Amino acid sequence: MSKEAELELIEVEDIKVKKGMTVDELMRNMSGAGGFTAQKLADATDILERMEKDKDCLKILSFPACIMATGTRGVLVDMVRNKRVDLIITTCGCLDHDISRTYEHYYHGDFMMDDAKLRDEYEISRLGNVLVPDDCYGEVLEGEILPMFDEIFEGKDSMTTHEIIWEVGKRMNNENSLMYWAWKNQIPIVVPGITDGSFGCQLWMYYQTHRKFRIDLFGDEQMLSEMTNHATNTGALMIGGGISKHHVIWWNQFRGGLDYAVYLTTAEEYDGSLSGARLREAISWGKVKANAKKMTVEGDATITLPMIYASLVDRLE
């Protein structure tokens, strides 16, 4: 047998761009292109399509706060509105940006703006190339959320993060809000690092006059344990690393690992960080199954996620 016969040789095909082609048509062209990240993007889309069609699969979404400050928030909201996920694990800043952008606006900026001038003259914080005025962020959270807490926590000594988030989402009553749709569709949002942000700071402020109140993190963890252990299959779309990604793979190791896994990242692998770790490394920890359908896609999620989701919408609707 020749060496060529031992391999499954698939011919590299040129991408054919045509007027009026859909995102999914372009994605399928990228699948045949054979390189480089285009191939990974197309393979990731195929995996997520299989995951969504698996009716026995618990579908988990994780992401960091930063993309909620951008228009990519609309993609995440649409995923929750259409019940394409069963569980979300994220960071406290996700709540901050969702609430702030529900009541006020963020603005276009530039990575090279004068940060000292933004702070001293305009009272604006810069998140990459997004501008966040003070009166659209901390002041909104203090003005809108603290009054809610008095009502939400009345007669209660403790609540889980996902219960608190549902209660806030119910009171926001805005269809552009991720928290609103999470409550509406009863999709839990778990924030393991709930105090690491402005929302958590408001909880701490409430605690100053309600010393008996506690955040029931163990209740969140119990729910995560039960959801993953009771699932026939589990799959995850993980955007970025950190605590949200780790919480997904951590609880899945107790059931033998994820069955489907897609990871979108800009982090490098060489420093040994969790954010840089590829999915193949998680196999050694038992957090992703060796035979799992998996793909790591390097690239900015504000580009890769909308392309993947648009392609999936074309396929599944």
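Only a predicted model underlies this, so the values are computations on that prediction, with no experimental measurement involved.
Annotation: the span from N82 atom CG to E317 atom CD amounts to 6.0 Å, rounded to 0.5 Å. From E163, atom CD reaches atom OG of S158 across 8.0 Å, with rounding to the nearest 0.5 Å. Distance CZ/F111 to CG/L127: 9.0 Å, rounded to 0.5 Å. Between the CD atom of E144 and the CD atom of Q202 there is a distance of 11.0 Å, given to the nearest 0.5 Å. Atom-to-atom distance recorded for D150:CG and T209:OG1 is 7.0 Å, nearest 0.5 angstrom. To the nearest 0.5 Å, atoms CD1 (I165) and CD1 (I194) are separated by 5.0 Å.
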I15 and L26: CA distance, side-chain angles, deciding distance, side-chain contact (heavy atoms from CB on, under 4.5 Å) verdict: CA-CA 8 Å; I15 294 175; L26 176 60; 4.2 Å; yes

Test salt bridge (charged side-chain N to carboxylate O under 4.0 Å, His left out) applied to R119 and D114, step by step: CA-CA 9 Å; R119 173 51 33 205; D114 185 329; over 6 Å; no

Verdict with supporting geometry, D157 and R214, side-chain contact (heavy atoms from CB on, under 4.5 Å): CA-CA 6 Å; D157 289 331; R214 297 290 183 269; over 6 Å; no

Candidate pair F149 and Y207, rule ring-ring contact (aromatic ring centres under 6.0 Å, His included), full reasoning: CA-CA 10 Å; F149 287 167; Y207 171 72; over 10 Å; no

Intermediate values then yes/no, side-chain contact (heavy atoms from CB on, under 4.5 Å), L224 and L87: CA-CA 9 Å; L224 293 176; L87 169 66; 3.6 Å; yes

Verdict with supporting geometry, V17 and N29, side-chain contact (heavy atoms from CB on, under 4.5 Å): CA-CA 8 Å; V17 176; N29 267 253; over 6 Å; no

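Under the side-chain hydrogen bond (donor to acceptor under 3.5 Å, both in side chains) criterion, R28 pairs with D24, not counting sequence neighbours. Evaluation of the salt bridge (charged side-chain N to carboxylate O under 4.0 Å, His left out) rule for D110 yields no partner, not counting sequence neighbours. Here E298 pairs with K40, R278 under the salt bridge (charged side-chain N to carboxylate O under 4.0 Å, His left out) rule; sequence neighbours left out. Qualifying salt bridge (charged side-chain N to carboxylate O under 4.0 Å, His left out) partners for E151, counting only residues two or more places apart in sequence or in other chains: R171. For H162, the ring-ring contact (aromatic ring centres under 6.0 Å, His included) partners two or more places apart in sequence, or in a different chain, are W166.
Looking only at atom types and distance, the side chain of S273 has no donor-acceptor partner in the side chain of S275 under 3.5 Å away. Side-chain contact of T228 with N252: a donor-acceptor pair under 3.5 Å is absent, judged by distance alone.
The shortest distance between side-chain heavy atoms of R280 and T296 does not fall below 4.5 Å. Side-chain contact check for M148 versus M172: some heavy-atom pair is nearer than 4.5 Å. For the pair M307/M30, a side-chain contact is recorded, criterion being any heavy-atom separation below 4.5 Å from C-beta on. For the pair E281/W285, a side-chain contact is recorded, criterion being any heavy-atom separation below 4.5 Å from C-beta on. Here the side chains of M68 and T90 are not in contact, with every heavy-atom distance at 4.5 Å or above. Between I60 and M227, every side-chain heavy-atom pair lies at or beyond the 4.5 Å cut-off. The closest side-chain heavy-atom distance from R84 to I187 is not below 4.5 Å. Looking at F153 and H210, their side chains never come closer than 4.5 Å, going by heavy atoms from C-beta outward.
Of all non-hydrogen atoms in A33 and V12, the two that sit nearest each other are O-CG1, 3.1 Å. Across V248 and A236, no two heavy atoms sit closer than the pair CG1-CB, 3.6 Å. Taking each heavy atom of L264 and V262 in turn, the nearest pair found is CD2-CG1, 4.0 Å. Closest heavy-atom contact between D86 and C57: OD2-O, 3.5 Å. Between A44 and I308, the shortest heavy-atom distance links the atoms CB-CD1, 4.4 Å. Considering every non-hydrogen atom in both S125 and D134, the closest pair reads OG-OD1, 4.0 Å.
For M21, the CE atom sits in a packed shell: over 12 heavy atoms of surrounding residues, nucleotides or ligands are nearer than 6.0 Å. Crowding of E142 atom CD: a count of heavy atoms from other residues, nucleotides or ligands under 6.0 Å not exceeding 12. The number of heavy-atom neighbours closer than 6.0 Å to CD of Q208, taken from other residues, nucleotides and ligands shown, is above 12. Within 6.0 Å of the CD atom in E121, the count of heavy atoms belonging to other residues, nucleotides or ligands exceeds 12.
We find that K156 and E167 are not joined by a salt bridge, their nearest charged nitrogen and carboxylate oxygen being 4.0 Å or further apart. Of the charged side-chain nitrogens involved, none lies within less than 4.0 Å of a carboxylate oxygen, so that D43 and K293 do not count as a salt-bridged pair.
Remark: the backbone N or O of G276 is not paired with any side-chain donor or acceptor of E269 at under 3.5 angstrom.
Ring geometry, F254 versus W251: the interplanar angle falls from 30° to 60°, so the pair is classed tilted. Using cut-offs of 30° and 60° on the angle between ring planes, the pair Y137 and H97 is tilted.
Here the options are L217, D196, L95, the test is side chain to side chain contact (heavy atoms under 4.5 Å, CB included), and the partner is V191; only L95 passes.
Within the structure, ring-ring contact (aromatic ring centres under 6.0 Å, His included) pairs that include any residue of residues 30-81 do not occur (at least two apart or interchain).
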